[in-house]
Novice: 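Mind looking over this structure? Questions follow.
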Amino acid sequence: MEAHLRRCIVAGPCSAESERQTLETARALTGKINVFRAGIWKPRTRPSDFEGVGAKALPWLAKVKQETGISVATEVANAGHVERCLAHGLDVVWIGARTTVSPFAVQEIADALRGTKQKIWVKNPVNPDLALWLGAVERLERADLTPWVIHRGFSVYHKGPYRNAPQWQLALEFRRLRPDIPMLCDPSHICGKRELISAVAQHALDLQMDGLMVEVHPRPHEALSDPAQQLTPDAFLALLEILVFRRPHPDSFEFDAAIAEHRKHIDRIDEELTQLLCERLRVVEKVAELKRRHAVTAFQLERWDELIHKRTVQAGTLGLDVEFLTDVYKLIHEAALERQSRLMNSETVAK
Ligand code: PEP
Ligand code: MN
């Protein structure tokens with residue numbers, strides 16, 4: 001089946017562990033997916049972790065393709081991996097999150113693929129660095145390749161319930177800058193636990209992602225890598241049944257008219273919000289002048305505490321997400337402190 005369709009469904013085990021497990025998984029998914037995935041060189045945090053079976057799994061993937069007709073994909077991290085994959089006719093290779101962070105490694109892979117027209121996917125780097133992700137894509141494009149990307153979440157301090165925080169905003173910014181590049185979402189590595197996967201997968205589809213990459217293992221509890229996040233084939237097929245694939249564009253005048261009204265309303269609210277933020281900043285400037293005259297520090301812990309307390313109580317009463325409002329106020333407060341600091345020190349700095 002053609003791998004590069006929009007709404008591309010990719011599934012398979014985190015790692016190919018044995019020929020039997022690889023084929024068993026692929027057989028269970030036949031007819032339901034576009035591309036079969038299986039990692040064979042696994043970048044692991046500790047050298048004592050299972051690091052994949054290596055090149056001996058390449059014939060297993062070739063057999064999956066031959067037997068089921070499904071396109072096959074694996075992760076590559078260097079030129080040696082690329083050469084072996086090309087020799088075994090893999091349909092797609094992908095660059096993992098730990099490799100995207102290294103321009104040298106990405107360049108090496110791009111050079112090894114130059115002139116091949118090989119399909120290649122680039123996972124986002126582990127850290128939330130948009131330029132690094134775009135840069136990896138550009139290196140491949142300079143080697144005449146047309147990469148797709150995979151959003152698999154980011155390693156950040158505040159991960160919430162996830163293994164890798166989705167930071168959807170960053171993925172959407174990628175899309176805004178490169179609307180020509182299809183983006184898949186890997187809810188397995190975002191979630192880290194299977195219970196969270198369906199909600200994240202649906203959200204990704206609702207954000208117009210072009211497909212999903214999901215880890216599936218016949219016996220997840222026995223998996224040699226990522227046991228907590230892999231789904232059984234049955235659970236995965238059930239997930240495909242409940243996911244709603246909505247259209248990116250409407251084809252109804254009624255929709256167009258109604259949404260235009262709501263958007264006008266939202267624009268008015270946003271205008272007011274911006275106006276209010278501006279007014280707030282003017283007051284902050286007066287506070288800065290006062291603090292400067294009295295030689296008081298810009299940051300005042302009790303005031304910050306009081307402000308957050310008041311606003312979160314209000315958010316709770318209004319049914320607003322308290323965590324969201326706290327994040328908004330952290331940004332507002334940070335900007336206010338920056339402005340105060342600049343005003344309070346402008347003379348000192350100028351001297
Ligand atoms: C994987 O897909 O198995 C993998 C290692 O993913 P990531 O590079 O997103 O960590
Ligand atoms: Mn994995």
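As the structure lists them, so they are numbered: ligands from 1, and atoms in each ligand from 1.
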Novice: Could you please provide the protein residues found below 4.0 Å of ligand 1 on a heavy-atom basis, arranged by chain and number?
Specialist: Cys14, Arg37, Lys42, Glu75, Trp94, Gly96, Ala97, Arg98, Lys123, Arg152, His189, Glu215
Novice: Throw together a table of side-chain donor-acceptor distances under 3.5 angstrom for residues 306-322, partners on residues two or more places apart or in other chains.
Specialist:
| from | atom 1 | to | atom 2 | distance (Å) |
| --- | --- | --- | --- | --- |
| Glu306 | OE1 | Arg303 | NH1 | 3.4 |
| Glu306 | OE2 | Lys310 | NZ | 2.9 |
| Arg311 | NE | Gln314 | OE1 | 3.0 |
| Arg311 | NH2 | Gln314 | OE1 | 3.1 |
| Thr312 | OG1 | Ile308 | O | 2.8 |
| Thr312 | OG1 | His309 | O | 3.0 |
| Thr317 | OG1 | Val313 | O | 2.7 |
| Asp321 | OD1 | Glu323 | N | 2.9 |
| Asp321 | OD1 | Phe324 | N | 3.4 |

Novice: Quick one: report the N, O or S atom of His189 that is nearest to the Mn ion (ligand 2).
Specialist: NE2
Novice: Between His189 and Glu215, does any side-chain donor sit less than 3.5 Å from a side-chain acceptor?
Specialist: yes
Novice: Quick one: does Asn78's side chain have a donor or acceptor within less than 3.5 Å of a partner on Gly80's backbone?
Specialist: yes
Novice: Without hydrogens or angle criteria, can the side chains of Asp226 and His217 be said to hold a donor-acceptor pair below 3.5 Å?
Specialist: no
Novice: By atom name, which N, O or S atom of Asp226 is the nearest to the Mn ion (ligand 2)?
Specialist: OD2
Novice: Among residues two or more places apart or on two chains, list those pairs meeting salt bridge (Lys or Arg N to Asp or Glu O under 4.0 Å) that have a residue in residues 195-208.
Specialist: Asp206-Arg246
Novice: For Gln167, what residues pass the side chain to side chain donor-acceptor pair (under 3.5 Å) criterion, not counting sequence neighbours?
Specialist: none
Novice: Restricting to N, O or S, what is the name of the atom of Glu215 that lies nearest the Mn ion (ligand 2)?
Specialist: OE2
Novice: Identify the heavy atoms of Asn34 and Arg7 that sit nearest to each other, and give their distance.
Specialist: OD1-O, 3.7 Å
